[in-house]
Asker: 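Sharing a structure, written as structure tokens. Questions coming.
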Amino acid sequence: FKRINDTYGHLCGDEILREIAKVLKGSLRRKSDWAARYGGEEFLICFPGATTDVAYRIAEQMREDIQNRTYHFEGNELKVTISCGVSEMTGDDNLFEIISRADKLLYRAKQEGRNRVLYDNASQPQFMR
């Protein structure tokens with residue numbers, strides 16, 4: 001979002017983040033699912049009880065939905081993409097460990113070219129094996 005904020009201003013960046021939040025919120029399936037802004041332009045989404053297969057598919061659909069939208073601000077049409085890190089709670093994991101793994105995957109996704117979903121190798125979706 002640095003490019004958007006630097007080019008169009010923080011009001012534009014904030015407006016796009018609100019629109020993205022609507023897409024993410026629309027991806028929630030049950031009352032126990034939740035999404036929250038986790039950093040400047042990062043979000044944390046939790047699907048309690050979901051397998052990596054399910055979380056990966058939802059994240060991939062969110063990525064596609066956001067990529068295919070056009071965002072409008074003061075006469076400008078903008079396109080944005082997201083990168084995601086998907087991690088599944090296993091064994092004795094605590095919240096910090098899950099978020100840390102997902103965060104590392106997110107940064108790796110950005111380093112590998114952005115606009116992608118990466119997931120834990122240990123909990124790799126069966127359809128990806």
Side-chain angles (χ1 to χ4, degrees):
F1 272 82
K2 180 170 175 31
R3 180 184 56 83
I4 289 172
N5 287 336
D6 289 350
T7 304
Y8 302 100
H10 289 272
L11 290 177
C12 177
D14 287 346
E15 180 61 31
I16 291 173
L17 286 172
R18 279 192 289 279
E19 292 297 316
I20 289 172
K22 289 177 188 175
V23 172
L24 301 180
K25 188 175 180 182
S27 299
L28 303 180
R29 309 161 303 139
R30 301 178 306 212
K31 287 186 178 188
S32 60
D33 295 349
W34 55 270
R37 194 164 172 187
Y38 182 65
E41 69 266 358
E42 295 174 346
F43 292 87
L44 179 63
I45 303 161
C46 185
F47 301 108
T51 63
T52 300
D53 293 4
V54 170
Y56 175 87
R57 290 173 202 245
I58 295 169
E60 187 60 33
Q61 185 62 56
M62 289 186 298
R63 186 196 63 74
E64 288 178 16
D65 290 348
I66 290 167
Q67 167 190 280
N68 293 331
R69 289 182 62 132
T70 300
Y71 301 87
H72 301 275
F73 184 80
E74 294 182 348
N76 297 294
E77 291 187 352
L78 305 163
K79 301 291 265 181
V80 298
T81 61
I82 64 167
S83 299
C84 303
V86 175
S87 183
E88 181 177 352
M89 179 180 251
T90 58
D92 294 329
D93 285 342
N94 63 43
L95 186 58
F96 175 79
E97 292 166 330
I98 300 163
I99 293 172
S100 179
R101 282 197 312 268
D103 200 42
K104 287 175 185 170
L105 289 162
L106 166 65
Y107 280 96
R108 198 174 105 213
K110 289 179 178 182
Q111 290 172 345
E112 292 180 9
R114 302 180 181 268
N115 195 27
R116 63 191 67 222
V117 177
L118 295 182
Y119 49 85
D120 281 338
N121 286 334
S123 54
Q124 183 178 10
Q126 290 182 7
F127 67 92
M128 299 293 287
R129 290 186 185 144

Asker: Would you say Cys12 and Leu78 make side-chain contact, with heavy atoms under 4.5 Å?
Answerer: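 Counting from C-beta outward, Cys12 and Leu78 do come under 4.5 Å.
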Asker: Quick one: does Val54's side chain get under 4.5 Å of Arg29's, heavy atoms only?
Answerer: yes
Asker: Under 4.0 Å between a Lys/Arg side-chain N and an Asp/Glu carboxylate O for Glu60 and Arg57?
Answerer: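 No, Glu60 and Arg57 are not salt-bridged.
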Asker: Let me see the working for Glu15 and Arg18 under side chain to side chain contact (heavy atoms under 4.5 Å, CB included), right down to the final yes or no.
Answerer: CA-CA 5 Å; Glu15 180 61 31; Arg18 279 192 289 279; 3.0 Å; yes
Asker: Using a 4.5 Å cut-off on heavy atoms from C-beta on, say whether the side chain of Lys22 contacts that of Glu19.
Answerer: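 Contact flag for Glu19/Lys22 side chains = yes.
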Asker: Kindly compute the distance separating SG (Cys84) from CZ (Arg63), expressed to the nearest 0.5 Å.
Answerer: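 Here the interatomic distance stands at 8.0 Å.
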Asker: For Arg30, I'd like to know if atom CZ has over 12 heavy atoms of other residues, nucleotides or ligands within 6.0 Å.
Answerer: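 It does: Arg30 CZ has more than 12 such atoms within range.
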Asker: Does this structure show an ion pair linking Glu112 with Arg108, if we count only N-O contacts that are shorter than 4.0 Å?
Answerer: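 Yes.
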Asker: Can you find a heavy atom in the side chain of Asp33 that is under 4.5 Å from one in the side chain of Pro48?
Answerer: yes
Asker: Could you measure the distance from the CE atom of Met89 to the CG atom of Asp120? Nearest 0.5 Å is fine.
Answerer: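 It comes to 12.0 Å.
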Asker: How far apart are the closest heavy atoms of Arg114 and Ser83, and which atoms are they?
Answerer: CA-OG, 3.3 Å
Asker: Do the side chains of Val86 and Leu44 join up, straight or via other hydrophobic residues, at under 4.5 Å, putting them in one cluster?
Answerer: no
Asker: Going by heavy atoms in the side chains, are Phe43 and Ile82 under 4.5 Å from each other?
Answerer: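 A side-chain contact is absent here, since even the closest heavy-atom pair is not under 4.5 Å.
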Asker: For a 4.5 angstrom cut-off between non-hydrogen side-chain atoms, does Ile45 reach Trp34?
Answerer: no
Asker: Answer whether the closest heavy-atom distance between the side chains of Tyr71 and Lys79 falls below 4.5 Å.
Answerer: no
Asker: Are Ile99 and Leu105 joined in one hydrophobic group, where the rule is that I, L, V, M, F, W and Y side chains link up if heavy atoms are under 4.5 Å apart?
Answerer: no
Asker: Any chain of hydrophobic side-chain contacts (each under 4.5 Å) joining Ile98 to Tyr119?
Answerer: no
Asker: Working note: Phe73 + Ile4, criterion side chain to side chain contact (heavy atoms under 4.5 Å, CB included); need CA distance, chi angles, decisive distance, verdict.
Answerer: CA-CA 11 Å; Phe73 184 80; Ile4 289 172; over 6 Å; no
Asker: Between Thr90 and Asp93, do the side chains contain an N or O donor and an N or O acceptor separated by less than 3.5 Å?
Answerer: yes
Asker: Does Phe1 form a side chain to side chain contact (heavy atoms under 4.5 Å, CB included) with Ile16? I'd like the steps, not just the answer.
Answerer: CA-CA 9 Å; Phe1 272 82; Ile16 291 173; 3.6 Å; yes
Asker: To the closest 0.5 Å, what do you measure between CD (Glu77) and OG1 (Thr70)?
Answerer: 6.0 Å
Asker: Do any N or O atoms from the side chain of Thr52 and from the backbone of Glu88 form a donor-acceptor pair under 3.5 angstrom?
Answerer: no
Asker: Test of understanding: clusters of I, L, V, M, F, W, Y form through side-chain heavy atoms closer than 4.5 Å, transitively. Do Ile20 and Tyr8 belong to the same one?
Answerer: yes
Asker: Should the heavy atoms of other residues, nucleotides or ligands under 6.0 Å from CZ of Arg3 be counted, would the total exceed 12?
Answerer: no
Asker: Would Glu64 and Asn68 satisfy side chain to side chain donor-acceptor pair (under 3.5 Å), going step by step from the backbone distance to the final call?
Answerer: CA-CA 6 Å; Glu64 288 178 16; Asn68 293 331; 5.4 Å; no
Asker: What's the verdict on side chain to side chain contact (heavy atoms under 4.5 Å, CB included) for Asp65 and Arg69, showing C-alpha distance, side-chain angles and the deciding distance?
Answerer: CA-CA 6 Å; Asp65 290 348; Arg69 289 182 62 132; 5.6 Å; no
Asker: Taking NZ, NE, NH1 and NH2 as the nitrogens, is one of them in Arg37 or Glu42 under 4.0 Å from a carboxylate oxygen of the other?
Answerer: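 No.
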Asker: Is there a side-chain contact between Glu41 and Leu17, using heavy atoms and a 4.5 Å cut-off?
Answerer: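 Answer yes - side chains close enough.
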Asker: Treating Ile, Leu, Val, Met, Phe, Trp and Tyr as nodes and any side-chain heavy-atom pair under 4.5 angstrom as an edge, say whether Leu106 and Val80 lie in one connected cluster.
Answerer: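 Leu106 does not cluster with Val80.
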